[in-house]
Amino acid sequence: MSVRDLTILGCSSQQPTRLRNHGAYLLRWNQQGFLFDPGEGTQRQFIFADISPTCVNRIFVSHFHGDHCLGLGSMLMRLNLDKVEHPIHCYYPASGKVYFDRLRYGTIYHDHIRVIEHPIKENGIIHEDEGFTIEAAFLDHGVDNVGYRIKEADSIKFEKEKLKQLGIRGPIVKELETKGEVIIDGKTTRLEDVSWVRQGDIFTIVIDTKPCANAIKLAQGAKLFLCESTYLEEHRDLAMSHDHMTAKQAAEIAKEAGAQQLVLTHFSARYRDLAPFVEEAKGVFANVDVADDFKRFLFPK
């Protein structure tokens, strides 16, 4: 089975601390490397995480506040230096095109890699293939800011005992999957008679926003939900005035959306101890953890 994990490369908010770097999140999933919001220092964080940056083939920017994008240029230059042959798809709010260009071309270098831009103008599906469907939706942060939802494709799972009883084996199984039915000794067997559909898992990331309907929609049924919780409830007034959330509010979204696991991140530098974030969120939603630099979250099938 391919790697299926989320690595926290940074979990601080606007100001990094001695222990927490600017935010950056690497999702490795079925031969894909999804990098979200590469803040300043992300390239170096890959070294400490002992992960090669060349695994990245898709980069997502939620918005163009510095702590969410200042590592973009250096990451693209690093992939360029490594001469990766696969294209690098970049997703970002369309209104931030000027900032994307400044970050990408901020220094002198020989451009070898193929960067494919996907500026996002509206809510909806932004990519779909045989492996994944990626959806984006605008959040509530005072500037154009996008949350992302990634769903792997559904898959057919056969009931081996039924196949054995019916004498269906080898290339006949493939024929059944392709055509939807096969005829053996005059008897028709339909695909649904000997199989079931495994629903694809869902990962959702919601960073820098007040509670909003789109955050709940993106997190609907997510197996792993990475959500900002910049403040604790004692500073809820700051959360609202700065267009952010508290740990409790993130937990409320996870609960309403029916998510399976909540990971809190994007912590204000005012907090050294993250345990109160878990305590606060668990009052609403049981399966919760906090991000921390180089922490990994597995989500096997």
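Across Asp144 and Pro93, no two heavy atoms sit closer than the pair O-CG, 3.7 Å. Heavy atoms only, all atoms of each residue included: Asp129 and Phe132 are closest at OD1-N, 2.8 Å. The minimum heavy-atom distance between Phe297 and Val290, with the atom names listed, is CZ-O, 3.5 Å. Contact record, Ala250 with Leu264: CB-CD2, 3.7 Å, taken as the closest heavy-atom pair. Across every non-hydrogen atom of Thr42 and Ala24, the tightest pair is OG1-CB, 3.4 Å. When every heavy atom of Asn21 is checked against every heavy atom of Gly41, the shortest pair comes out as ND2-C, 4.0 Å.
No continuous path of ILVMFWY side-chain contacts below 4.5 Å connects Ile120 to Leu139, so the two sit in separate hydrophobic clusters. Residues Val61 and Val115 are members of one and the same hydrophobic cluster, defined by side-chain heavy-atom contacts under 4.5 angstrom among Ile, Leu, Val, Met, Phe, Trp and Tyr. Put simply, Phe100 and Val146 are part of two different groups of oily side chains (I, L, V, M, F, W, Y) that touch within less than 4.5 Å, one to the next. Hydrophobic clustering, with ILVMFWY side chains joined whenever heavy atoms are under 4.5 angstrom apart, keeps Leu6 apart from Leu26. Hydrophobic clustering places Met245 together with Leu232 (ILVMFWY residues linked when any side-chain heavy atoms are closer than 4.5 Å, directly or through intermediates).
Within the 4.5 Å cutoff, no side-chain heavy atoms of Gln260 are placed close to those of Phe299.
Within a 6.0 Å sphere centred on NZ of Lys151, heavy atoms belonging to other residues, nucleotides or ligands number more than 12. No more than 12 heavy atoms of other residues, nucleotides or ligands lie within 6.0 Å of NZ in Lys160, so this atom counts as exposed by the packing criterion. Other residues, nucleotides and ligands place no more than 12 heavy atoms under 6.0 Å from the OH atom of Tyr99. Heavy-atom contacts from other residues, nucleotides or ligands closer than 6.0 Å to CZ of Arg114 number 12 or fewer. Heavy-atom neighbours of Glu85 CD from other residues, nucleotides or ligands within 6.0 Å: at or below the threshold of 12.
For Arg102, the side-chain hydrogen bond (donor to acceptor under 3.5 Å, both in side chains) criterion is met by no residue, not counting sequence neighbours. By the side-chain hydrogen bond (donor to acceptor under 3.5 Å, both in side chains) test, Asp111 is found to be paired with Arg104, residues two or more places apart in sequence or in another chain being considered. Remark: Asp201 pairs with Arg4, Arg198, Lys223 by the salt bridge (Lys or Arg N to Asp or Glu O under 4.0 Å) rule, at least two apart or across chains. Residues satisfying the ring-ring contact (aromatic ring centres under 6.0 Å, His included) test with Tyr91, not counting sequence neighbours, are Phe60, His118. Under the rule for a side-chain contact (heavy atoms from CB on, under 4.5 Å), the partners of Asp82 that lie at least two apart in sequence or sit in another chain are Thr54, Arg78, Val84.
Going from atom CG of Leu226 over to atom OH of Tyr148 covers 13.5 Å, rounded to the nearest 0.5 Å. Put simply, CZ on Phe34 and CH2 on Trp29 are 7.0 Å apart, with the number rounded to the nearest 0.5 Å. In this structure, Gln32 CD and His86 NE2 are separated by 9.0 Å, a value rounded to the nearest 0.5 Å. Here Phe285 contributes atom CZ and Gln261 contributes atom CD; the two are 8.5 Å apart, rounded to the nearest 0.5 Å. Atom SG in Cys90 sits 6.0 Å away from atom CG in Leu72 (nearest 0.5 Å). To the nearest 0.5 Å, atom NZ of residue Lys121 and atom CD1 of residue Ile126 are 14.0 Å apart.
Note on residues 204-238: pairs passing ring pair (Phe, Tyr, Trp, His ring centres under 6.0 Å), not counting sequence neighbours, are His235-Tyr271. Within the structure, salt bridge (Lys or Arg N to Asp or Glu O under 4.0 Å) contacts touching residues 36-64 (residues at least two apart or in different chains) do not occur. For residues 277-291, the set of pairs meeting the side-chain hydrogen bond (donor to acceptor under 3.5 Å, both in side chains) definition, not counting sequence neighbours, comprises Asp289-Lys295.
Thr246 places a side-chain N or O within 3.5 Å of a backbone atom of Gln249 that can act as its donor or acceptor partner. Within the 3.5 Å criterion, the main-chain N or O of Gly33 finds a donor-acceptor partner in the side chain of Asn57. In this structure, Glu256 contributes its side chain and Ile253 its backbone to no donor-acceptor pair below 3.5 Å. One N or O on the side chain of Glu228 and one on the backbone of Thr230 form a donor-acceptor pair closer than 3.5 Å.
Side-chain polar atoms of Thr265 and Tyr25 form a donor-acceptor pair below 3.5 angstrom.
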Side-chain donor/acceptor pairs under 3.5 Å, residues 203-220, sequence neighbours excluded:
| residue | atom | partner | partner atom | Å |
| --- | --- | --- | --- | --- |
| Thr204 | OG1 | Leu218 | O | 2.6 |
| Asp208 | OD1 | His68 | NE2 | 3.2 |
| Asp208 | OD1 | His266 | ND1 | 3.4 |
| Asp208 | OD1 | His266 | NE2 | 2.9 |
| Asp208 | OD2 | His63 | NE2 | 3.0 |
| Asp208 | OD2 | His68 | NE2 | 3.0 |
| Asp208 | OD2 | His141 | NE2 | 3.2 |
| Thr209 | OG1 | Asp140 | N | 2.9 |
| Thr209 | OG1 | Asp140 | O | 3.3 |
| Lys210 | NZ | Asp243 | OD1 | 3.4 |
| Asn214 | ND2 | Phe138 | O | 2.8 |
| Gln220 | NE2 | Ala257 | O | 3.4 |

Using atom types as modelled, flag every donor-acceptor pair under 3.5 Å from a side chain in residues 8-16 to any protein atom, sequence neighbours excluded.
| residue | atom | partner | partner atom | Å |
| --- | --- | --- | --- | --- |
| Ser12 | OG | Gln15 | O | 2.6 |
| Ser13 | OG | Phe267 | O | 3.1 |

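Hydrophobic cluster membership of Leu81, counting Ile, Leu, Val, Met, Phe, Trp and Tyr whose side-chain heavy atoms lie under 4.5 Å apart directly or via other members: none, as it forms a cluster of its own. Taking a 4.5 Å side-chain heavy-atom cut-off between Ile, Leu, Val, Met, Phe, Trp and Tyr, the cluster of Phe48 extends to Phe294.
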**Study point:** Step-by-step side chain to side chain contact (heavy atoms under 4.5 Å, CB included) determination, Ile134 to His89
**Key:** CA-CA 12 Å; Ile134 305 175; His89 295 265; over 6 Å; no

Practice item. Would you sort out whether Lys301 and Glu152 count as a side chain to side chain contact (heavy atoms under 4.5 Å, CB included), showing the intermediate values? Key: CA-CA 11 Å; Lys301 287 187 179 180; Glu152 69 178 336; 4.2 Å; yes

Exercise for review: Kindly determine whether Leu19 and Asp293 satisfy side chain to side chain contact (heavy atoms under 4.5 Å, CB included), including the steps that lead there.
Suggested key: CA-CA 8 Å; Leu19 301 176; Asp293 285 25; over 6 Å; no

Practice item. Verify side chain to side chain contact (heavy atoms under 4.5 Å, CB included) between Leu238 and His244, making sure each step is shown before the conclusion. Key: CA-CA 8 Å; Leu238 291 177; His244 284 291; over 6 Å; no

Check your understanding: Glu233 and Arg236: salt bridge (Lys or Arg N to Asp or Glu O under 4.0 Å), yes or no, with the steps?
Key -> CA-CA 5 Å; Glu233 278 294 301; Arg236 189 183 182 119; 2.9 Å; yes

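Residue Leu224 is tested with Val263, Ile202, Asp5, Ile150 for a side-chain contact (heavy atoms from CB on, under 4.5 Å); the sole match is Val263.
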